[in-house]
Protein chains: 2
Amino acid sequence: MRRIAPDRDQLLGTVAEVFREHGYEGASLALIGGATGLGKGSLYHFFPGGKEEMARAVITHIDGWFADNVFAPLRDSGDPLAGIEQMLEATDSYFRSGRRVCLIGAFALDDSRDLFAGQIRDYFGRWVTHLAGALVRSGRRPDEASELAEEAVAAIQGALTLARAASDLDVLSRALRRSRMRLGLPAKI
Amino acid sequence: MRRIAPDRDQLLGTVAEVFREHGYEGASLALIGGATGLGKGSLYHFFPGGKEEMARAVITHIDGWFADNVFAPLRDSGDPLAGIEQMLEATDSYFRSGRRVCLIGAFALDDSRDLFAGQIRDYFGRWVTHLAGALVRSGRRPDEASELAEEAVAAIQGALTLARAASDLDVLSRALRRSRMRLGLPAKI
DNA sequence: CCGAAATTGTACCGAACGGTACAATGAGTC
DNA sequence: GACTCATTGTACCGTTCGGTACAATTTCGG
């Protein structure tokens, strides 16, 4: 388990919210300061590298959450299908709990994409790889597992885009339900 | 068929490229001027409403292209499956031809989303609706058709995000191949 | 209670932003 | 050639941007 000072944890969560809501360019220091209650002095004390370091820290923070709650179950669960189920549930609760867009997905399309290209590529790459690994352990052929994993992750990202466009989070729920089916999980109770 | 003065058509294409590459906020008038070779005088002559009108015109322009090349085949083709095939081919060629991201999808996640919310919602809404219509005419049950249509459009959007993140357009090709399968089309030659 | 270090508010910087004003051109028409 | 009217370049506006400097304050171990 990751060890983070609780206040820094919360700070990063708040900053993440601003980036999520406004994108990298749109998240001005004024907005970040307003949301966190911190002035520029404090902000630059905690993040000497300025806005770029803030974004990088936020991405790392999110990446860590996914490592613990999404990738780890896929990798470590004895029953791979149970791990996949955990992944889907973590995904659902994560994107439902107010944070309605994948910040990393948004950054991937943003003007800032080159700044964070490595972190973004790794995030999605690990998601697909871990899911494919679980599918292989559940008995799928490797090539089939790769396709299904890529399809599932893309379906989630696409559903988030459509959900945002339509202001309708049910799009995500339906996508997750379909993924459950495509990945060979029993229909949910 | 839509009738557009060819030079305005080309101008909108160039401006679209800038928005696609940099997002709404990131596309500064300096960049737009540089890409089009037009100074602010000309830009504000053609788009008195400024940047917002430029973006709106670009979205309308793209929307028109999709109406002609994607939605129309879905609606008008005698053989619904042939229409779907046309849609997938138009989609493939559109996103492959240099324009590697869905501008409207990017705007949906951008800070500018509220400005263009209506246009964005309509674009995706019509895509799903027309595809679902074709599926119904191909013999699917309406609820099944809706699910499949939403899945297909989301898969394309998600694939574009992943393709951008991985700098690998093959992600899109694979997604389209899977869509072909899911939608009941014969595997491509 | 003291001193060092962490934290903060405020004033300020140059640059870039979107937008405006307007005079100078351009092209076509009588 | 003169009269339009569309088109363009340029200088300029106020605002906001990310970032810096630094003094004042708080915190806290000794």
Side-chain angles (χ1 to χ4, degrees), chain A residues 3-60 103 106-107 110-117 119, chain B residues 3-60 103 106-107 110-117 119:
Chain A
R3 195 180 301 255
I4 306 175
D7 39 0
R8 177 174 169 91
D9 199 40
Q10 188 183 335
L11 172 61
L12 281 177
T14 305
V15 177
E17 202 97 1
V18 181
F19 278 121
R20 220 185 303 269
E21 195 63 24
H22 299 279
Y24 182 70
E25 339 268 351
S28 68
L29 292 185
L31 280 173
I32 297 174
T36 59
L38 263 44
K40 286 191 181 185
S42 313
L43 249 20
Y44 273 82
H45 175 72
F46 292 121
F47 306 99
K51 197 172 161 178
E52 184 176 334
E53 184 179 338
M54 296 179 211
R56 218 171 279 280
V58 162
I59 296 178
T60 303
L103 183 144
F107 274 19
D110 202 311
D111 200 18
S112 60
R113 87 189 81 91
D114 293 335
L115 273 178
F116 312 114
Q119 288 184 279
Chain B
R3 196 178 301 253
I4 307 177
D7 39 1
R8 177 172 169 93
D9 198 42
Q10 188 181 335
L11 173 61
L12 281 176
T14 305
V15 177
E17 203 96 3
V18 182
F19 277 121
R20 219 186 304 270
E21 196 63 25
H22 299 278
Y24 182 70
E25 339 268 351
S28 67
L29 292 185
L31 281 171
I32 297 174
T36 57
L38 263 46
K40 288 191 180 184
S42 312
L43 250 20
Y44 273 81
H45 175 71
F46 292 120
F47 306 99
K51 197 172 160 178
E52 184 176 333
E53 184 179 338
M54 296 179 211
R56 218 170 279 281
V58 162
I59 296 177
T60 303
L103 183 145
F107 274 19
D110 202 312
D111 200 18
S112 58
R113 87 189 81 90
D114 293 336
L115 273 177
F116 312 114
Q119 288 184 280

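Remember, predicted model here, so these are calculated numbers, not experimental data. The chains referred to below are lettered A, B, ... by the order of the sequence lines, with proteins before strands, and numbering in each begins at 1.
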Practice problem: Test side-chain contact (heavy atoms from CB on, under 4.5 Å) on A/F47 and A/L11 and set out the steps. | Solution: CA-CA 11 Å; A/F47 306 99; A/L11 172 61; 4.1 Å; yes
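- For the contact set between residues 42-52 of chain B and DNA chain C, defined by any heavy atom under 4.0 Å, the members are B/Y44, B/G50, B/K51.
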Practice problem: Carefully, step by step, assess A/E52 and A/F116 under the rule side-chain contact (heavy atoms from CB on, under 4.5 Å). | Solution: CA-CA 9 Å; A/E52 184 176 334; A/F116 312 114; 4.1 Å; yes
Quiz item: side-chain contact (heavy atoms from CB on, under 4.5 Å) between A/Y44 and A/L29: does it pass, once the steps are laid out?
Solution: CA-CA 10 Å; A/Y44 273 82; A/L29 292 185; 3.5 Å; yes
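- Here the C1' atom of nucleotide C/dC17 and the CD atom of B/E25 are 11 Å apart, to the nearest Å.
- Of the inter-residue distances, the one linking B/Y24 atom OH with B/K51 atom NZ reads 5.5 Å to the nearest 0.5 angstrom.
- Close approach of DNA chain D to chain B, defined as any atom under 4.0 Å from a non-hydrogen atom of the protein, starts and stops at D/dA6 to D/dT10.
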Quiz item: Does the side-chain contact (heavy atoms from CB on, under 4.5 Å) test come out yes or no for A/V58 and A/M54, once each step is laid out?
Solution: CA-CA 6 Å; A/V58 162; A/M54 296 179 211; 5.5 Å; no
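- Separating the CG atom of A/D111 from the P atom of C/dA16 is a distance of 15 Å, rounded to the nearest angstrom.
- Note that CD of B/Q119 and CZ of B/R113 are 16.0 Å apart. Values are rounded to the nearest 0.5 Å.
- To the nearest 0.5 Å, the span separating OG1 on B/T14 from CD on B/Q10 amounts to 5.5 Å.
- Counting all heavy atoms, side chain and backbone alike, B/L12 lies closest to B/A57 at CD2-CB, 3.8 Å.
- Rounded to the nearest 0.5 angstrom, B/E17 CD and B/T36 OG1 are separated by 12.5 Å.
- Atom CG of B/D110 and atom CG of A/D110 lie 6.5 Å apart (nearest 0.5 Å).
- Residue B/I32 contributes atom CD1, which lies 12 Å from atom C1' of C/dC17 at whole-angstrom precision.
- Judged purely by distance below 3.5 Å, without hydrogens or angles, the side chains of A/S112 and A/E25 never pair a donor atom with an acceptor atom.
- Two residues, B/K40 and A/L29, neighbour DNA chain D, and the one matched to the more 5' nucleotide by heavy-atom proximity is B/K40.
- Taking five base pairs at each end of the helix from C/dC1-D/dG30 to C/dC30-D/dG1 and finding the rotation axis that steps the C1' atoms of four pairs onto the next four gives two axes whose angle is 10°, to the nearest 10°.
- Dashed line: the shortest gap from a side-chain N or O of B/S28 to OP1 or OP2 of C/dA16 is not under 4.0 Å.
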